[in-house]
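Taking it in order: structure first as structure tokens, then the write-up.
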Amino acid sequence: MDDERLRPSERLRRTRDFQRVLQQGVKLVTPLFVLYVLPSAEPRSRLGIAVSRRVGKAVVRNRAKRLVREVFRRHKSLLPWPCDVVVIVRQAAVQASYRDYVRQYQTALARYRRGQDKQREERKSEASLSCRPLPPGSTGRGDRL
RNA sequence: AAAGGAGGCCAGAUGAUCGCUCCUCGCUUUAGGCGAGGGGAGGAAAGUCCGGGCUCCACAGAGCAGGGUGCUGGAUAACGUCCAGUGGGGGUGACCCCAAGGAAAGUGCCACAGAAAACAGACCGCCGGGUCGGCGCGGAGAACGGCAAGCCGCUCCGCUUCCCCACCCGGUAAGGGUGAAACGGUGCGGUAAGAGCGCACCAGUCCCGAUGGUGACAUCGGGAGCUCGGCAAACCCCACCCGGAGCAAGACCAAAUAGGGAGGCGUUCCCGCUUCCGUGGGAGGAAGUGGGAUAAGGGUUGCUCGCCCGAGGCCUCCGGGUUGGUCGCUAGAGGCACGCGGCAACGCGUGUCCCAGAGGAAUGAUCAUCGCCGCCCGCCUGCGGGCGGAACAGAACCCGGCUUACGGCCUGCUUUGCCC
RNA sequence: GCCCCCGUAGCUCAGCCCGGAUAGAGCAACGGCCUCCGGAGCCGUGGGUCGGACGUUCAAAUCGUCUCGGGGGUA
């Protein structure tokens with residue numbers, strides 16, 4: 001998975017998709033942005049970005065989106081399986097550099113993987129279930145708490 | 001050198017790696033993918049303050065209302081923009097600024113202060129005249145008071161030329177603390193006092209004429225004592241302009257809901273054709289279809305008229321579905337160069353170039369080198385090394401302006417200071 | 001894209017249409033009275049670039065233009 005491209009099919013474009021990820025995904029808060037991660041049935045991970053007008057002017061918002069897109073594109077291997085990811089950029093990200101973005105993204109996804117591994121082990125001990133590491137939406141909703 | 005003021009230009013460059021998007025070509029193909037080549041933010045892309053193009057609105061027609069503009073001439077597709085001028089104003093100057101029609105069409109407002117704030121009027125003042133006036137003067141009286149017969153206060157009568165005080169009548173606007181603004185200014189004459197009442201000069205206004213200019217206007221001459229305050233970014237008047245909406249305009253394709261519920265209004269007439277019924281043939285009737293006139297109602301984004309649409313139709317409310325794709329979408333009032341016309345804005349001609357088209361929304365990230373600026377160190381005063389910095393800001397249908405934000409460079413200009 | 005509203009004391013608002021000089025009201029703040037103390041009540045006090053700039057006017061919170069910030073409607 002050393003693919004560093006970002007095709008149109010790897011982007012979230014529908015309001016429905018955004019709503020689903022925001023409601024059912026795992027929320028990961030960092031100083032620069034808020035990540036929502038939800039495992040997906042699609043062959044590839046998809047990215048959606050939201051930047052509020054309160055963050056800054058058009059130039060500032062566009063730059064934030066580009067940096068987030070770059071981080072996602074360069075670090076796809078951090079996701080253990082295909083996921084839909086929504087990134088909500090916070091105001092503190094205005095002054096941050098590309099390196100800051102990378103650092104925050106890495107730590108956030110490390111936290112995500114640790115949480116998922118723990119869940120999987122619990123589930124394995126309860127009952128030997130499917131080998132496919134693709135949790136359905138119902139467990140995803142439970143992950144938020 | 002320092003301040004100032006005008007105009008123009010640029011918006012770091014090159015390369016590598018990893019990406020995004022569009023176009024062309026080729027291969028492959030189920031959407032799609034791969035390869036090659038090429039294009040990919042701005043001077044303001046911004047604010048949305050104006051003006052157009054373009055598209056649609058069963059036509060855009062008239063009047064009213066509403067909005068806008070406001071010296072002149074030109075430029076332009078158009079403008080509230082630009083250019084050239086006129087008239088004002090500011091600055092020592094280079095230069096800059098001005099919503100700059102009408103206040104002798106009308107209405108309204110001008111706080112406080114002040115006599116008075118707008119066809120003038122008259123508080124003080126000045127002047128003239130008047131009075132059972134006061135005051136003054138003269139005479140008389142004796143009741144009352146002071147008191148040494150007299151005299152004074154007092155009472156009555158008469159006079160009053162002048163001066164002073166009060167009041168009344170009239171003249172006048174020279175002077176008057178005020179105020180943002182006070183009914184032309186100065187001087188002389190004149191007068192009871194005064195006043196454009198008269199005269200001289202000056203300032204302004206209006207009228208007439210001449211000359212120059214397309215014109216705004218300028219200059220000159222003559223006349224009228226005409227002196228008529230300001231505010232129309234107060235209402236308003238005059239002249240000119242404005243149909244409405246906006247690319248989410250609009251066109252097509254696909255999908256979905258299923259002709260959903262409640263209330264109200266109207267459910268008419270004429271003509272042609274076809275079929276059927278009827279009949280001796282007709283008249284007539286029913287259904288379908290095409291056209292016309294209307295009704296209810298609607299459109300004409302404020303109102304009125306007018307116009308237009310309009311027969312299982314229209315209006316209002318509630319409920320439900322879709323909220324995907326393609327086109328519009330970038331070749332244009334286009335850029336650049338040269339020539340010509342014009343003071344200029346700009347126009348014309350020729351040649352040449354094709355120069356962003358996204359759609360949860362592309363144009364990016366990292367690194368290196370060079371160039372620029374600042375600081376520090378070495379130091380042969382030119383170079384080397386290190387660190388840091390590089391503004392405002394991101395196309396969303398397209399143009400022309402305006403305004404606002406902002407880094408730097410260049411050109412010639414003005415004033416002041418110093419040196420030669 | 002189109003359209004609208006707001007900005008005045010620490011806070012919530014008047015005043016603006018139709019200009020006139022001390023810009024008001026309530027709450028809050030501060031001081032005093034009252035009370036053993038506090039609250040409530042009563043009396044008093046301070047606090048304003050009227051979002052900013054330019055203009056019109058004798059005079060601007062008010063009128064005009066530009067601008068900044070905040071909020072909303074609509075397809």
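In what follows, chains are A, B, ... by sequence order, proteins preceding strands, each numbered from 1.
- Looking at residues two or more places apart in sequence or on another chain, you find a side-chain hydrogen bond (donor to acceptor under 3.5 Å, both in side chains) between A:Asp117 and A:Arg120.
- Not counting sequence neighbours, A:Arg69 has no partner by the salt bridge (charged side-chain N to carboxylate O under 4.0 Å, His left out) test.
- For residues 103-115 of chain A, every residue pair satisfying the salt bridge (charged side-chain N to carboxylate O under 4.0 Å, His left out) rule, not counting sequence neighbours, is listed here: A:Asp100-A:Arg103.
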Short N/O separations, protein against nucleotides 66-75 of chain C, under 3.5 angstrom:
none

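- Residue contacts shown for A:Arg11 are limited to sugar-phosphate atoms, with no base heavy atom under 4.0 Å away.
- With sequence neighbours excluded, the residues that form a side-chain hydrogen bond (donor to acceptor under 3.5 Å, both in side chains) with A:Asp17 are A:Arg20.
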Taking only nitrogen or oxygen atoms into account, show me every contact under 3.5 Å that the protein makes with nucleotides 32-34 of chain B, one pair per line with its distance.
from  : atom 1 : to     : atom 2 : distance (Å)
B:C34 : OP1    : A:Arg5 : NH1    : 2.4

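- Partners of A:Arg44 according to the salt bridge (charged side-chain N to carboxylate O under 4.0 Å, His left out) rule, which considers only residues two or more places apart in sequence or in another chain, are A:Asp3.
- Taking A:Arg61 as the reference, nothing meets the salt bridge (charged side-chain N to carboxylate O under 4.0 Å, His left out) condition, with sequence neighbours excluded.
- Proximity of residues 89-98 of chain A to RNA chain B (heavy atom under 4.0 angstrom from any strand atom) is restricted to A:Tyr98.
- When heavy atoms are screened at a 4.0 angstrom cut-off, A:Arg61 is found touching no nucleic acid atom at all.
- Closest to the side chain of A:Arg63, from the set B:A365, B:A361, B:G394, is B:A365.
- Donor-acceptor pairing under 3.5 Å, judged by distance alone, is absent between the side chain of A:Arg73 and the base of B:C20.
- Under the side-chain hydrogen bond (donor to acceptor under 3.5 Å, both in side chains) criterion, A:Glu10 pairs with A:Arg7, A:Lys76, not counting sequence neighbours.
- With B:U363, B:G360, B:G394 as the choices, the nucleotide that has an atom nearest any side-chain atom of A:Arg69 turns out to be B:U363.
- Set against B:A361, B:G394, B:A365, the side chain of A:Arg74 has B:A365 as its closest nucleotide.
- Nearest nucleotide to the A:Arg99 side chain, out of B:A41, B:A361, B:C367: B:C367.
- The side-chain contact (heavy atoms from CB on, under 4.5 Å) check on A:Val29 picks up A:Lys27, A:Val34, A:Arg90, with sequence neighbours excluded.
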Query raised in the report: For RNA chain C, what is the dot-bracket line, given that a base pair needs Watson-Crick (N1 to N3, plus N6-O4 or O6-N4) or G-U wobble (N1-O2 and O6-N3) geometry with both distances under 3.5 Å, and | means paired with another strand?
Result: (((((((..((((......[...)))).(((((.......))))).....(((((..]....)))))))))))).

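- For the pair A:Glu70 CD and B:G364 P, the interatomic distance rounds to 11 Å; values are reported in whole Å.
- Ring orientation note: the planes of A:Tyr105 and A:Phe72 are nearly perpendicular, at an angle over 60° on the 30°/60° scale.
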